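Just below is one structure, and these are the notes that go with it.
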2 protein chains.
Amino acid sequence: MNKGSVNKRPTIVDVATHAGVSTAAASKVLRNAYGVSSEMKAKVQASMQALGYRPLASARGMRGRTHTVAVVVADLHNEFSSLLVEGIRRECERQKYRLLVAPAGSGKNAQDRMVEDLIDRGMDGIVLISPLGTDSELETMARNIPVVVLGRHGASPDFDSVAADDFAGANLVVDHLVSLGHRQITYVNHTTEGTNDARLPEEVRVRGYVDAMIRHGLGDAIDIIQSQWSQEGGEQSGRLILSRAKRPTAVFAGCDVAAFGVLTTMWNAGIRVPEELSVAGFDNIFTTSLAPISITTIDQSGLDMGAAAGRLLLERIGGRTEAVSSVVRPTLVARKTTAAPMQSSNEFPPAHGATTVSTEM
Amino acid sequence: MNKGSVNKRPTIVDVATHAGVSTAAASKVLRNAYGVSSEMKAKVQASMQALGYRPLASARGMRGRTHTVAVVVADLHNEFSSLLVEGIRRECERQKYRLLVAPAGSGKNAQDRMVEDLIDRGMDGIVLISPLGTDSELETMARNIPVVVLGRHGASPDFDSVAADDFAGANLVVDHLVSLGHRQITYVNHTTEGTNDARLPEEVRVRGYVDAMIRHGLGDAIDIIQSQWSQEGGEQSGRLILSRAKRPTAVFAGCDVAAFGVLTTMWNAGIRVPEELSVAGFDNIFTTSLAPISITTIDQSGLDMGAAAGRLLLERIGGRTEAVSSVVRPTLVARKTTAAPMQSSNEFPPAHGATTVSTEM
DNA sequence: TAGAAAGTGTATAACGTACTACACGATTTG
DNA sequence: CAAATCGTGTAGTACGTTATACACTTTCTA
């Protein structure tokens, strides 16, 4: 360890000495606080420049702000989360804040511990993406640190929230499919063990599906598969659909990843999409536009949502006290996995290949 | 602001008082430092439990460690990065360290500023994923903070590194294609403006391709397209290939995302894969296994690489001084986009559809 | 059995910044 | 023209933790 070559990092005291002023003055300049003349400001800034001074966040954190915020995300693999994060990041950059991403892992405990750790580490505020937990739990959190909730519905007096209108999104998909002539539309839902929070996106989307079906007079055709929004969940749902004597003409997966799973099953079984079955997703992740059969889906403009969340968080850190709740309008992106159903499609015979499905590599 | 209801956060002084010992003793217990009896330890831990004490990282950071490390990543959209991050995270979790992800954005300046900010924020160490910059720049960094470099080749005395053997990976692909009977194998390379660092993965991979071709006596067939490892770059490469009178029988894209681009072009042009053209990628990102035509690619076991990087970083924070450089052996994942070439495939006529390629939605 | 070593606990000085309180001269007010 | 106000700068302490230095026992060594 060659300590000799390591020049000690300059502190605000060094800056003050170099500029010939008090540390208090230097601190004021740093924070551009009230009570500094323009010449003082110039002098101190010159010294900071000359010494290559950089404020130490750990030390600042003990009394003031660290100028750092974090976004808590369960899973980085989710492309949509990445979009949200990027939106937040850009807004933070604009305002000279640093954004760090905190991968909490799944499960409520893991997320709660992460939030505590972030508070311990002096974050000035946090964004939570689709957090688990009740309103009152989130409100308790929000009393300790500024919080913006992203992708979870419902307003609260204690924290801000930004969410897409999942109800309207689900409506758009059903309207689209009905306008193409579909009447048998199956919905793939996401269910979490022990969680039953009406504010979660999945709950809102399924309500949107049900509502739209009823509105179109298709209440009797409502068909919901309880599954998981994952590749595997989608594949299982697809196999379930194939195993039925009477199949739907369209499948609406509540999430793009699940839609991919459904499609995988169909491709493997030789079912033509969209001729024999229409499939729609939700989220408009990048991959939906990329694959050979591009998926009809709902765009939530993740970048905008993220940016909105970032803006709200920084506002609140800046002092705003009344809560703001913002809803983003989603749009339909019609692509190639949806089309009018075949004439006699309601009754085509079960494919014998349905039981030879394989997802092995 | 109802401050009255906010119980002040307990400090280590509160813990010490509650346990009836000195703060020094409490601190020792917290850090499990040398010089505490087991009864002292039990007593203090009980008090910490009782008060719900949590150490404040900002304060710790002023003198000791924050028990936090960060991984700097240019782009969260890259699925492979997510894998690496997850690997690091798991290792950190095992050792009671917190991992934060620092999205730097692209460009060397942005990355350098991020590293400075992370040092300011008291990180105990950082992992850099495929960083830009020269060895000496990285070494300068590494003298200020423990550094592990991930996905960049070459050892240094000042920092640890973990990389896949990209040379061997490229060899595996070429060997695979040659063993199928291919001789005309085109490589899609990645080039960055003004960067020419032999230690970057892209440089190593292209050398691996060239070397393998020569080894198989196919030196004259070497064909490298200078492009970008992105969807768009892959599509352009695909169009370039289609525009040629004499086409290759196989395309080796140095990155899965680029392979997707190539495939998109082929699908749009009606070229059958792998019958008319074999396509291979590199990275084994999740999407390659998911799509209807699963892509032959190279697996680098990102989770293992990440875990190795995490382990090295924590070791070094723990005091190791000699540098370690670790190389991971990649494996071939043969899927459905590669097969033996058609008999007369070398001279099939240019597809008339080649000029009607469209990537619009 | 004296002296060294090992084990266990404490007092206290940093660490770098923010901010309250105050001092002082210059300006405005009544 | 005295008093109040304003603008600008400083002194000094608090923030929560680590770690060095030391004191006091107890146990080992020669």
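No experiment lies behind these values; they were computed from the predicted model shown. First the proteins, then the strands, lettered A, B, ... as listed; each starts at 1.
Across A:Ala164 and A:Met305, no two heavy atoms sit closer than the pair N-CE, 3.6 Å. Nearest heavy-atom pair, B:Pro201 versus B:Gly151, reported as atom, atom and distance to 0.1 Å: CG-O, 3.0 Å.
Enclosure of atom NZ in A:Lys41 is not indicated, since only 12 or fewer non-hydrogen atoms of other residues, nucleotides or ligands lie within 6.0 angstrom. Around the CD atom of B:Gln49, the shell of radius 6.0 Å holds no more than 12 heavy atoms that belong to other residues, nucleotides or ligands. Open room surrounds CD on B:Glu39; 12 or fewer heavy atoms of other groups in view lie less than 6.0 Å from it.
Applying the ring-ring contact (aromatic ring centres under 6.0 Å, His included) definition to pairs two or more places apart or across chains, none involves residues 131-152 of chain B. Applying the salt bridge (Lys or Arg N to Asp or Glu O under 4.0 Å) test to residues at least two apart or on different chains, the pairs with a partner in residues 55-84 of chain B are B:Arg65-B:Asp124.
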**Chi angles and distances behind the side-chain contact (heavy atoms from CB on, under 4.5 Å) call for B:Phe159, B:Val148** = CA-CA 6 Å; B:Phe159 54 82; B:Val148 173; over 6 Å; no

**Request:** Check step by step if side-chain contact (heavy atoms from CB on, under 4.5 Å) holds for B:Met48 and B:His18.
**Result:** CA-CA 9 Å; B:Met48 298 202 292; B:His18 185 273; over 6 Å; no

**Message:** Run the side-chain contact (heavy atoms from CB on, under 4.5 Å) test on B:Asp304 and B:Val328 for me, step by step, so that the C-alpha distance in whole Å, both residues' side-chain angles and the decisive distance to 0.1 Å come before the verdict.
**Reply:** CA-CA 8 Å; B:Asp304 294 342; B:Val328 175; 5.6 Å; no

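A 4.0 Å heavy-atom criterion places the boundary nucleotides of DNA chain D facing chain A at D:dG7 to D:dG16, written 5' to 3'.
Rounded to 10 degrees, the angle between the two end axes of the helix from C:dT1-D:dA30 to C:dG30-D:dC1 is 30°, with five pairs used at each end.
Contacts of residues 40-51 of chain A with DNA chain C (heavy atom under 4.0 Å): none.
A:Ser161 and A:Ser325 share a donor-acceptor pair across their side chains, judged by distance under 3.5 Å alone.
Counting only heavy atoms from C-beta outward, the side chains of B:Tyr97 and B:Leu314 approach each other to under 4.5 Å.
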**Fill in**
Letter by letter from the 5' end, nucleotides 16-27 of chain C scores (B base, S sugar-phosphate only, - none; protein heavy atoms under 4.0 Å) BBBB--------

